[in-house]
2 protein chains.
Amino acid sequence: MDRAVGRREVTIRDVAAAAQVSKATAARALGDYGAVRGEVRERVRRAAAQLGYRPNAVARTMSTGRSQTIGMVVGDIQNPFFAQAARGASDAADAAGYELILSNSDEAGATETKAIGVQLDKRVDGLLIAPASSSRADALRAVTDAGRPLVLFDRTVPGLEADAVVADNRRGAIELTRLLTDAGHRRIAFLSTIEHPGGYRRGDIISISSVADRVAGFEHAMRDAGADAVVRLGAPRDDVEQVAVELLTGEGAVTAVVASDSLIALDVYRACRDLGLRIPRDVSLVAFDDADWAGLVEPGITVMSQPMHAIGAEAAGILLSRIGGAGGRARVRVFDQELILRGSVAPPPEPSGRP
Amino acid sequence: MDRAVGRREVTIRDVAAAAQVSKATAARALGDYGAVRGEVRERVRRAAAQLGYRPNAVARTMSTGRSQTIGMVVGDIQNPFFAQAARGASDAADAAGYELILSNSDEAGATETKAIGVQLDKRVDGLLIAPASSSRADALRAVTDAGRPLVLFDRTVPGLEADAVVADNRRGAIELTRLLTDAGHRRIAFLSTIEHPGGYRRGDIISISSVADRVAGFEHAMRDAGADAVVRLGAPRDDVEQVAVELLTGEGAVTAVVASDSLIALDVYRACRDLGLRIPRDVSLVAFDDADWAGLVEPGITVMSQPMHAIGAEAAGILLSRIGGAGGRARVRVFDQELILRGSVAPPPEPSGRP
DNA sequence: ATGAAAGCGCTAACAA
DNA sequence: TTGTTAGCGCTTTCAT
C-alpha cells in the first residue's frame, strides 16, 4: 500500500531483483554492452518485459552525459520552409535514435538566445540553428563553449567557426533576376520581411546571410543589366501586402518583383489582384521557395525552389556525425536551388526594352 | 590540467564554493525557495553570474521528477494544420516555461507508439497527441499508466478517459455539404486520405474521429437532401489527384466534392484543372482548413476554417493545468469552425435541381 | 538561516 | 562473467 499513489516506476533495480542478478548485470543485459551470459541476458529481459520496465532516459543522460536529443531553433514552424526543414531534421534524427526539441525564435535575437539557453540546460547533444542574425556570433558561441556541436542551416554567421548547410542563394537570385531583366524590366523590387532598421541602402550589411546573398545576387544581375534595383527590407510580416502596393503604384512603381520567400510572394500576389494588376501582363513576379499554390494559380509563379527537407536532413546528419566525434574544420555545404519556370514573367507593360 | 579537455561544466558546487556557502544554500539562493539571508543570496547570485553557472536541467529533473517539457505527437509537421497547432502549443508551453518535444507519427500506429515510448522515457511531464487511430486506446493508456497527463487534440478516442480539444467537425461538414445540396448537387464526394482498408461502406467505423464526424455530418446532410453520398477514404497522400480524377469522370461522376483537408483540396483543384473542368461552373469544391491559397485562386475556395493555433494552445493549456495538479473528469473542448464563403460553389452543370 | 547527507536511476570503474 | 561501489548535479529532508 505504501507505493500505491504514484505507483512507483519500475527501475532497473526491480528488474535486477526479479532476475536475481545485480543492477550492473541487469543494465548490461538490457543495454547490451559489457559481457553477460546468454542465459542470464534472457532471464533479465524476460523480467524486464514482465515488469513493463522502461529505462529512464533522464537517469541515463545523467550518468552518460548524452541525451540522445538534439535541439533545433527555427524562425517560425508555421513557415513552410522551416516546417519542411524540421521534418527533414526530424527524420534524420529519428533514424539515428535521436529526438528533436524544437523552438521558435520569431527571428528575434533575445528569443533565440533564451531558446538556446534552455536547450543547453536540457543537455541536448547538439544544436541546429537558423540564426536570427549574422551578428550574433557570441550568442551562438555559447553552444560550442558548452562543448556541444552546432550546425547552422539556411544561414551562415561570418566569423563563427561552425558547420552550415545553405542554398546557393546568390546564384538563385541572379537567375531569377535575369529572367526579369532579360524580359526587359528596368525597375525591379526585391522584397523581404527581415528587419533592417533605417531602411536598406546599397552597401548596407544585411543581418541574415541568405537574404544578404539574395540581395547581392539581385543587385549584381541588375547592375549587369543596367537596371534600377529597389531593395525593400523590413516589411512587417502582417503588412507585406501594403508594402507591395506601395512598390507597385505611384511615381517610381516597379514592373516586377522578386519575393524573398513564398509567404511574401503570396502577399504580392494579393496586392496585384487587389490593384487589378494582371500577372504577368502588368507585373512580373518571381519568388524563392516553391509553395504548393505557386503551380496552382493561373498563370503559375516562376520560382527558385530550395531542397528544404534535404537541407534539414543534411544539417542533422552533419550534427550527428559531429556528435559522434567527427573532427575536422567546419564546412559549409551549399545546395543548389532549382528554377521552376512557370508563367509569371513577361515583358513590362511599357515596352522600354524595345527600341 | 586535469579538467582541461572537456572544460568541466560549472556546477552548483563551484558556485557554492565561490560564495563560501554549502551546496544546499546555493541551491536555495538560486532556485529561490527555502529561506536564505538576503545578503547571502546576493553573494551566491554574483558568484553564479561570475562563473557563468547554468543549472543542469537534467539533474533537476532527476531529483524533482519533473522535466518542464511536454511532448507532442502530430501526424506530420509539414501539414499546415499540425504546424499551426504545434505553434499554438509551443507558444502556450513557452509562456509557462515549458519546452516542447515534437514527433511525427505519419498517422501510423507503430510509429506513434514508438514516439510515445521515447517521450515517456524522456520523462516529459505530459503529452499532446493527435492519435493516429481511435482504436488505439491501449497504446495511449501507456501515458496515463505512467502517471502523466495526456490531452488529445483534433481527435478523440472513445473509451479513453482523456481530455481532448477538437473542432465541431460534424456541424462543419453539415454546413459545407448543405451549401452543395442547396445549390442543387445530387451526387457529391467526400474525399479523405485516412486509411480505411477494404474501402468505406456506409456504417463502417472510421478510425480517426475528426474524419468520422465529418463523414457523419456529410452523410446526414446528404440524406436530408436525398442526395447520393460518395465517401472515398484511403486516397494515397501522393496520389490524391488520381483519385480525384476518377471521382470526377466516367459513369458515376460527382458534380461536387468535399475535401477533408487543404492538402486534399489542392489535389482536387489540380485534377479539375488538368481535366479542363472549371470551378464552380463544372464542379463545386469545398474543403476543411483555410489554406493560404484558398483565397488566392480565382474564384476562391469556400472553406470551413478551424482555429488551429487556438486548438494547439488550448490543448497545451489544459495539459499544463493537469500537470499543475488540476483534477476533475476529463472533458472534451469543442471549438467552432468558421465558414468562409468564397466562390467555389454553384449549381451543377446539368441543372437537375431546376424543374 | 544554514549545513550535512541521502537519494533520484542509471552507467562505469574496479574487484572478484 | 558478475558484483560492488562510486558518482552524474541537483533537491530535499533533517539536524543544527
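Letters A, B, ... mirror the listed sequences (proteins, then strands); counts begin at 1. Side-chain atoms are counted along with the backbone in the values below, which use heavy atoms only and exclude waters and symmetry mates.
- OP1 or OP2 of C/dG3 has at least one side-chain nitrogen or oxygen of B/T25 nearer than 4.0 Å.
- The distance between atom NZ of B/K23 and atom C1' of C/dA4, rounded to the nearest whole Å, is 10 Å.
- You can see that DNA chain D meets the heavy atoms of chain A within a 4.0 Å-exclusive cut from D/dT1 to D/dG9, reading 5' to 3'.
- Note on A/V36: only backbone sugar-phosphate atoms sit closer than 4.0 angstrom, heavy atoms only; bases stay farther off.
- A straight line from CE of A/M62 to C1' of C/dA12 spans 15 Å, rounded to a whole angstrom.
- For the pair A/E39 and A/R45, the salt-bridge criterion is not met [side-chain N within less than 4.0 Å of a carboxylate O].
- Neither side chain, A/K122 nor A/T69, offers a donor N or O lying under 3.5 Å from an acceptor on the other.
- For B/R28 and C/dG3, a side-chain-to-base donor-acceptor distance below 3.5 Å is present, hydrogens and geometry of angles not being considered.
- Residues B/R41 and B/R123 both approach DNA chain C. Their nearest nucleotides, taken by heavy-atom distance, put B/R41 toward the 5′ side.
- To the nearest angstrom, P of C/dC8 lies 18 Å from CZ of B/R66.
- Nearest heavy-atom pair across A/A132 and A/G109 is CB-N, 4.3 Å.
- Rounded to an integer number of Å, the gap from A/R13 CZ to C/dG7 P is 10 Å.
- A salt bridge does not link A/E161 to A/R331: none of the charged nitrogens lies less than 4.0 Å from a carboxylate oxygen.
- Counting only distance, with no hydrogens or angles, the side chain of B/N104 and the backbone of B/D106 share no donor-acceptor pair below 3.5 Å.
- Taking a cutoff of 4.0 Å between a charged side-chain nitrogen and a carboxylate oxygen, A/R148 and A/D125 do not qualify as a salt bridge.
- Atom CD1 of B/I12 and atom C1' of C/dA4 are 15 Å apart (whole Å).
- The separation between B/K122 atom NZ and C/dG9 atom P is 18 Å, rounded to whole Å.
- Within 4.0 Å of A/V58, counting heavy atoms only, lies no atom of the nucleic acid at all.
- Panel note: side chain A/S67, backbone A/R123; a donor-acceptor pair is recorded below 3.5 Å.
- Of the side-chain N and O atoms in A/R60, one or more sit less than 4.0 angstrom from OP1 or OP2 of C/dT11.
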